[in-house]
Amino acid sequence: MIQVTLPDGSKRDYEDGASALDVAESISKSLAKKALAARVNGELRDLTRELPAEAAVEIVTAKDADGLELIRHDAAHVLAQAVQELFPGTQVTIGPVIDDGFYYDFAREEPFSTEDFEAIEKKMAEIVDADYPILREVWEKDDAIETFKSIGEDYKAQIIDDIIPPGEAITVYRQGNWYDLCRGPHLPSTGKLPKAFKLMKLAGAYWRGDHRNEMLQRMYGTAWRNEQELKAYLTQIEEAEKRDHRKLATQLDLFHLDGEAAAGSVFWHPKGYQVWLQIEAYIRRRLGAEGYNEIKTPQLMDSAQWEKSGHWGKFRENMFIVPDFIPDGEGEVKIPSDSRLMAIKPMNCPAHVEVFKSGQKSYRDLPLRLAEFGCCHRNEPHGALHGIMRVRQFTQDDAHIFCREDQIISETERFCALLQSVYDDFGFEKVDVKLSTRPDMRAGSDAVWDRAEHDLEEAIKATGLPYEIMPGEGAFYGPKLEFQLTDAIGRVWQCGTLQLDFVLPERLGADYIDESGDKVRPVMLHRAILGSMERFIGILIEEFAGAFPLWLAPVQVVVATITSEADAYAKEAAEALRAAGLRVETDLRNEKINYKVREHSVQKVPIIAVVGAREADERKLALRRFGSKAQEIVTLEEAVSGLAAEALAPDLKRAVG
RNA sequence: GCCGGCUUAGCUCAGCUGGUAGAGCACCUGAUUUGUAAUCAGGGGGUCGGGGGUUCGAGUCCCUCAGCCGGCACCA
């Protein structure tokens with residue numbers, strides 16, 4: 001006898017050998033039909049598995065999050081079966097569920113093409129129509145390895161060999177005459193898989209994520225409960241693609257990239273750079289208010305300096321090296337073999353330590369906060385470059401805080417509070433915080449690491465932000481906090497960071513004089529709020545879909561005339577607005593107002609000030625705001641004072657009150 | 001760096017199985033003086049990413065290099 005407890009708390013008895021499907025059937029026919037799997041005593045299981053003597057049973061349907069995951073998992077299996085039937089000789093490897101879908105990695109000599117997708121999707125639909133029961137089997141480990149090897153599935157055999165402890169059994173799921181190693185659970189039959197899946201893209205992926213291994217072919221797919229959901233998802237992707245910062249940059253004339261002229265470096269156009277300048281000015285004010293001192297340090301430093309800092313050994317392959325010699329004015333460039341080498345800075349920290357070291361520092365100087373909008377170059381692999389999110393030349397809103405060990409917590413808390421306030425000002429609500437702890441290869445004693453990790457964690461707790469610990473992901477010199485933002489397509493980017501460093505002050509010999517006159521090593525906090533200006537602006541563009549808030553918009557107001565009779569007044573109004581600090585353009589072209597409104601709306605200008613004969617007569621402006629059709633008729637004076645106040649950066653607005 | 005795809009006018013894109021380049025917008029000129037998302041007419045503009053090859057003939061086929069896109073690896 002099996003006693004089953006249902007989610008509503010009611011209890012029912014079933015005969016021995018009963019399954020969750022029997023339970024579902026006893027409740028209702030329709031539930032049995034909808035059932036995909038069951039949660040038995042908290043564990044997700046196949047519907048048809050025998051229940052234990054006492055079982056809390058919850059029937060999982062497509063409505064549950066678990067159900068959707070099962071659908072995606074099964075879609076991956078059906079994909080694998082379809083591919084193996086269509087392309088004999090293809091080996092299967094792994095096929096996990098991911099956000100919004102699944103992928104499957106295949107090993108095959110010939111490359112797949114997206115043109116194969118249609119045939120594969122058709123075959124998948126056939127497998128669904130065939131409604132093969134999905135059967136769970138338990139095999140001995142060694143038998144499984146033998147069997148998979150015998151059918152040429154070397155990867156599968158290797159997976160079993162590596163991840164299953166000796167002597168332990170494995171489970172295999174069979175659908176039709178196809179079977180695969182899998183932990184399960186699965187849907188009861190392939191017919192339960194909704195035909196709401198689609199293959200999305202094809203990509204290479206290293207076996208086990210290691211670049212030294214062979215490359216497999218990965219097929220990404222998406223799968224949903226029904227066609228409406230699939231359609232909604234596809235529409236959502238299309239919408240997200242419209243926010244792509246690279247597309248918007250062209251449309252709004254913000255910047256351009258030229259992979260042949262300067263791979264990974266940005267050509268900022270006037271409008272894009274205006275956004276940059278506003279952000280830079282804002283950060284400069286915020287840092288100033290927090291007691292930072294801004295500095296500027298060399299772009300090129302001698303290799304000896306980088307050797308001392310440790311970058312030459314640890315980071316050289318990401319650095320641009322420049323021989324220090326005077327080339328001939330004509331003919332081929334011949335670099336003398338004995339010429340000294342310089343390196344373009346990939347980071348600002350060594351130079352900041354040099355500034356700290358110049359002159360003698362006292363404990364009274366600490367914490368010393370040195371800030372720089374430091375332009376760094378990193379020799380990134382070409383395949384890593386991505387718009388302005390991942391570039392080879394970028395400017396960090398960098399600073400290094402030199403302090404005593406007992407000041408770490410308060411400095412970290414101050415930084416986290418500042419960062420949070422800045423992100424609020426930019427309107428970011430979703431920030432992922434990661435705390436990366438000690439890696440295997442590290443400098444410094446465990447006691448120091450204990451303290452450093454503890455201090456960082458205390459500080460991040462104080463902010464109240466949720467965070468996740470990334471074990472072993474810290475830098476070799478110390479643990480770090482990473483603040484991540486997500487772009488329109490869902491890709492996650494590290495922006496802000498705070499890194500504790502006990503090593504660099506040591507390597508470069510930085511010290512200060514303490515109360516008792518002794519030389520003491522300071523601790524260094526590497527920190528950036530935005531991370532890189534380029535990346536942050538890229539994310540901002542996507543966040544706002546190109547429609548910047550007034551304080552950041554490159555052009556804040558366009559004064560557009562209806563008739564040339566209003567030209568003189570339009571110019572006067574624009575001048576008055578400019579005098580109040582606003583960024584204003586006039587549009588006096590001989591065009592209809594519809595045309596002008598459309599053009600500046602497409603350009604996402606926050607405010608169009610329309611001026612016709614009437615406005616010119618009455619010395620008024622007809623304001624139209626981006627995203628609205630409403631007209632707001634105000635006097636020129638009202639517009640000047642109102643818009644000037646409205647256009648203030650958030651920190652200045654707070655200062656005004 | 002690795003795998004796959006792509007690269008045609010300033011932008012977005014068309015160009016079937018090889019027959020010798022096209023549209024819309026933008027730009028320039030003219031007309032139109034316009035009331036809140038595209039006024040009309042005319043005009044100029046392309047070594048079809050670079051190089052090599054196959055062919056009587058290549059934007060179309062092949063090779064190669066570069067760049068871009070999507071992943072993977074990398075991101076101190």
Side-chain angles (χ1 to χ4, degrees), chain A residues 103 105 110-116 200-220 241 244 246-247 250-251 253 256-264 309-311 313-319 346-347 349 376 378-387 389-392 439 441 473-478 480 482 489 491 493-494 497 499 501 503-504 526 531-532 535 560-567 588-603 608-615 622-632:
Chain A
Y103 68 76
D105 284 349
E110 304 90 297
F112 288 111
S113 147
T114 45
E115 283 168 25
D116 299 325
M200 303 296 287
K201 50 199 179 189
L202 203 51
Y206 297 106
W207 166 236
R208 297 190 155 162
D210 188 329
H211 69 278
R212 290 165 300 194
N213 290 341
E214 54 274 58
M215 182 156 276
L216 306 172
Q217 301 189 62
R218 177 171 296 179
M219 281 184 201
Y220 285 92
E241 278 167 2
D244 190 310
R246 294 161 298 191
K247 279 193 182 146
T250 309
Q251 283 163 25
D253 197 17
H256 81 268
L257 295 159
D258 183 339
E260 298 190 45
S309 71
H311 288 82
K314 283 250 165 207
F315 202 67
R316 193 170 56 190
E317 52 189 23
N318 286 293
M319 290 165 69
M347 298 181 207
C349 31
C376 298
R378 293 183 193 177
N379 205 340
E380 303 279 6
H382 282 77
L385 303 179
H386 178 87
M389 305 289 205
R390 184 87 182 263
V391 286
R392 304 211 293 179
M441 292 281 287
E473 295 292 312
F476 73 94
Y477 49 74
K480 57 183 183 182
E482 292 179 29
I489 316 166
R491 282 183 279 224
W493 299 94
Q494 187 200 306
T497 182
Q499 308 177 7
D501 185 356
V503 175
L504 202 56
H526 305 242
S532 105
R535 177 177 289 181
T561 52
I562 294 173
T563 149
S564 54
E565 287 168 44
D567 284 2
L588 310 181
R589 290 175 302 173
N590 178 9
E591 292 291 351
K592 289 192 167 176
I593 192 62
N594 283 307
Y595 180 89
K596 297 185 183 180
V597 165
R598 176 169 199 282
E599 188 164 294
H600 300 118
S601 297
V602 166
Q603 286 298 306
I608 303 172
V610 176
V611 169
R614 209 153 56 221
E615 286 76 14
L623 304 183
R624 177 188 168 123
R625 284 163 192 276
F626 179 74
S628 160
K629 287 184 178 169
Q631 293 177 44
E632 196 185 328

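Just so we're on the same page: letters track the sequence lines, and every chain starts at 1.
When the C1' atom is used for both B:G50 and B:C56, the distance is 26 Å, rounded to whole Å. A gap of 10 Å separates the P atoms of B:G59 and B:G19, to the nearest Å. The same atom, C1', is picked in B:A23 and in B:G5; the two are 26 Å apart, to the nearest Å. The separation of B:C28 from B:A9, taken at their C1' atoms, amounts to 15 Å, rounded to a whole angstrom. Spacing between B:C75 and B:C6 at atom C1', rounded to whole Å, works out to 26 Å. For the C1' atom pair drawn from B:C40 and B:G57, the interatomic distance equals 43 Å after rounding to whole Å. Of the C1' atoms belonging to B:G15 and B:A73, the separation is 39 Å, rounded to the nearest Å. Spacing of P atoms, B:A26 relative to B:C65, comes out at 41 Å, to the nearest Å.
What separates OH of A:Y595 from P of B:U33 is a distance of 18 Å, to the nearest Å. Remark: C1' of B:A26 and CD of A:E591 are 12 Å apart, rounded to the nearest angstrom. Summarising the geometry, the separation between CZ on A:R208 and P on B:C3 is reported as 21 Å, rounded to the nearest angstrom. The CZ atom of A:R614 sits 19 Å away from the P atom of B:U33 (whole-angstrom rounding). Here B:A38 presents its C1' atom at 5 Å from CZ of A:R598, a figure rounded to the nearest Å. Separating the CZ atom of A:F112 from the P atom of B:G4 is a distance of 12 Å, rounded to the nearest angstrom. The separation between A:K629 atom NZ and B:U36 atom P is 11 Å, rounded to whole Å. If you take CD of A:E110 and C1' of B:G4, they are 15 Å apart, rounded to a whole angstrom.
Below 30°, between 30° and 60°, or above 60°: for A:H211 and A:Y206 the angle between ring planes is above 60°, a perpendicular geometry.
Counting any heavy atom pair closer than 4.0 Å across all strands shown, A:M200 reaches no nucleic acid atom. Residue A:T114 is classed as having no contact, given no heavy-atom separation below 4.0 Å to the nucleic acid. Within the nucleic acid shown, A:F315 comes within 4.0 Å of at least one base atom, counting heavy atoms only. As judged by a 4.0 angstrom heavy-atom cut-off over every strand, A:Q217 is placed among residues making no nucleic acid contact. Contact annotation for A:K480: backbone-only contact, meaning every heavy-atom pair under 4.0 Å involves sugar-phosphate atoms and none involves a base. Using a 4.0 Å heavy-atom distance criterion, A:A560 is classed as making no nucleic acid contact. Among the protein residues, A:E615 comes within range of the nucleic acid bases, having at least one heavy atom under 4.0 Å from a base atom. Within the nucleic acid shown, A:I593 comes within 4.0 Å of sugar-phosphate atoms alone, with no base atom in reach, counting heavy atoms only.
Between A:R392 and A:N379, the closest side-chain pair of non-hydrogen atoms falls below 4.5 Å. You'll find the side chain of A:P346 stays beyond 4.5 Å of the side chain of A:N318, heavy atoms only. Counting heavy atoms from C-beta on, the side chains of A:H526 and A:T497 never come closer than 4.5 Å.
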Let me have a per-nucleotide readout for nucleotides 63-73 of chain B, 5' to 3', with B, S or -, counting only protein heavy atoms under 4.0 Å.
---SSSSBBBB
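Base pairing annotation: B:C72 forms a Watson-Crick or G-U wobble pair with B:G1, both donor-acceptor distances under 3.5 Å. In this structure, B:A66 forms a base pair with B:U7, meeting either the Watson-Crick or the G-U wobble geometry with both donor-acceptor distances under 3.5 Å. A 3.5 Å limit on both hydrogen-bonding distances identifies no Watson-Crick or G-U partner for B:G59. The partner of B:G46 is absent, by the rule that a Watson-Crick or G-U pair needs both atom distances under 3.5 Å. Base pairing annotation: B:U29 forms a Watson-Crick or G-U wobble pair with B:A41, both donor-acceptor distances under 3.5 Å. When both distances must be under 3.5 Å, the Watson-Crick or G-U wobble mate of B:A23 is B:U12. Partner assigned to B:U54 is none, using Watson-Crick or G-U wobble distances below 3.5 angstrom. Remark: B:G18 base-pairs with no nucleotide; criterion is Watson-Crick or G-U wobble with both hydrogen-bond distances under 3.5 Å.
A:K247 and A:E241 are not joined by a salt bridge, as no carboxylate oxygen comes within less than 4.0 angstrom of a charged side-chain nitrogen. Using a cut-off of 4.0 Å between Lys/Arg side-chain N and Asp/Glu carboxylate O, A:R208 and A:D210 are scored as not salt-bridged.
Toward the 5′ end of RNA chain B lies the nearest nucleotide of A:A622, the other residue of the pair A:M347 and A:A622 mapping further downstream. When each of A:L216 and A:A475 is assigned the nucleotide of RNA chain B bearing its nearest heavy atom, the one mapping closer to the 5' terminus is A:L216.
Distances shorter than 4.0 Å separate some side-chain N or O of A:N594 from OP1 or OP2 on B:A37.
Rounding to the nearest 0.5 angstrom, the gap separating the CD atom in A:Q251 from the CG atom in A:D244 is 10.0 Å. A:D567 contributes atom CG, which lies 4.5 Å from atom CG of A:L588 (distance to the nearest 0.5 angstrom).
The shortest non-hydrogen separation linking A:R589 to A:K596 is O-NZ, 2.8 Å.
Looking at residues two or more places apart in sequence or on another chain, you find a ring-ring contact (aromatic ring centres under 6.0 Å, His included) between A:H386 and A:W493.
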